[in-house]
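Whatever order the structure lists them in is the order used to number ligands and atoms, beginning at 1.
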Amino acid sequence: MENTRLQKNLEPMFLWSNIVKKNIKYRIFSHFYLSEENLYTLNEEQAHYLLHVLRLQTGDVIKIFDGFSGEYLAEIVQCNKKNCQIQIKEKLREQSVSPDIWLLFAPVKKDKTDFIISGATELGVSKILPVITQRTVCERIKIERFQAQVIEAAEQSRRLDIPSVENPISFAQMLKTWPKDRTLFFMDETGNGTNILNCFQKNNTKSAILVGPEGGFSEEELALLRQQNFAQAVSLGPRILRAETAVLAALSCWQAASGDW
Ligand code: SAM
């Protein structure tokens, strides 16, 4: 009897705390390793975002993750115009790792490249590697910008890990340094590739997807790719897709057939 009364009194509190946790809208990435019950001072940019963009205050709660140790609930315990200190309250999720799929792509125009980077992060790639092909036309590549974009996309997509972003490499260097135990699925717009559903199976563990530039791969590049034992030509159907559409289509098919969908 006493126990039941106690439980009834506790229930609303329990429900309230679960509802609060579920409804926490704000989620940020931490450049520090996090652990329970510790206090952290956020960097100026994050403090500005929380305090001036989201207009959060002392006592408000956020979700925070560091890419390695899971996701935590944290409370803003102190703030002034420029600084913000948070205290980790509890762990909300254990760390999980995304499937082992890399994206290699020939950079395109700035806004389309931005779209590729955030889309690939949402679709769970583990590594992003820009490749300069013969017909790649793009402005200067800013890796720091790509890194900021993967963090933003991971924050909003509830990812717990952050894909690595590599410095651009040439097409020749890519072939020369390729790890032979990883299959390179290259999207071949010439119609000579295998139907995508016949390429991706449950056992495609170490995989990578390569998408060409707006002008497509050159004949020479396609011939070189076809010579490699680790490479496989893939068709995305009879229509020619924009590079950014091809990235999303290929990654979606891979995730459905071999990944974590
Ligand atoms: N300029 C090329 C042409 O007109 O044939 C089209 C290149 S497409 C805009 C950019 C990249 O997307 C291609 O290099 C290829 O990797 C991929 N792609 C587009 N459509 C594809 C398809 N139907 N099958 C396989 N890959 C495709």
Would Ala250 count as a contact residue for ligand 1, given that I'm defining contact as a non-hydrogen atom of the residue lying under 4.0 Å from a ligand atom?
no
closest protein heavy atom to atom 23 (N) of ligand 1 is Arg239 O, 2.8 Å
Taking all atoms of both residues into account, what is the closest heavy-atom pair of Phe200 and Ala257, and its distance?
O-CB, 3.4 Å
Atom 7 (C) of ligand 1: which protein heavy atom is closest, and how many Å away?
Glu214 O, 3.3 Å
Quick one: does Ala246 get an N or O within less than 3.5 Å of an N or O on ligand 1?
no
With sequence neighbours left out, what residues match Lys142 under salt bridge (Lys or Arg N to Asp or Glu O under 4.0 Å)?
none
Short N/O distance, under 3.5 Å, between Gly237 and ligand 1?
yes
Atoms in ligand 1 with a heavy atom of Gly215 nearer than 4.0 Å
1 (N)
Identify the closest protein heavy atom to atom 4 (O) of ligand 1: which residue and atom is it, and at what distance?
Ile240 CG2, 4.4 Å
Gly212 versus ligand 1: do any nitrogen or oxygen atoms come within less than 3.5 Å of each other?
yes
As an exercise, identify every atom of ligand 1 less than 4.0 angstrom from a heavy atom of Leu241.
8 (S), 9 (C), 12 (O), 19 (C), 20 (N)
Test: Lys112 and Glu214 ion pair at under 4.0 Å
yes
Residues pairing under side chain to side chain donor-acceptor pair (under 3.5 Å) where one sits in residues 166-182, two or more places apart or in two chains, turn out to be Asp100-Arg182, Ser164-Glu166, Asp181-Lys206
Numbered in order shown, the ligand 1 atoms found under 4.0 Å of a heavy atom of Val211 are 11 (C), 12 (O), 16 (O)
How far is atom 13 (C) of ligand 1 from the closest protein heavy atom, and which atom is that?
Glu189 OE1, 3.2 Å
With a cutoff of 4.0 Å, is Val234 in contact with ligand 1, counting heavy atoms of the residue only?
yes
Per-atom contacts of ligand 1 with Gly216, taking only distances under 4.0 Å to non-hydrogen atoms:
1 (N), 7 (C), 14 (O)
Nitrogen or oxygen of Ser235 less than 3.5 angstrom from that of ligand 1:
no
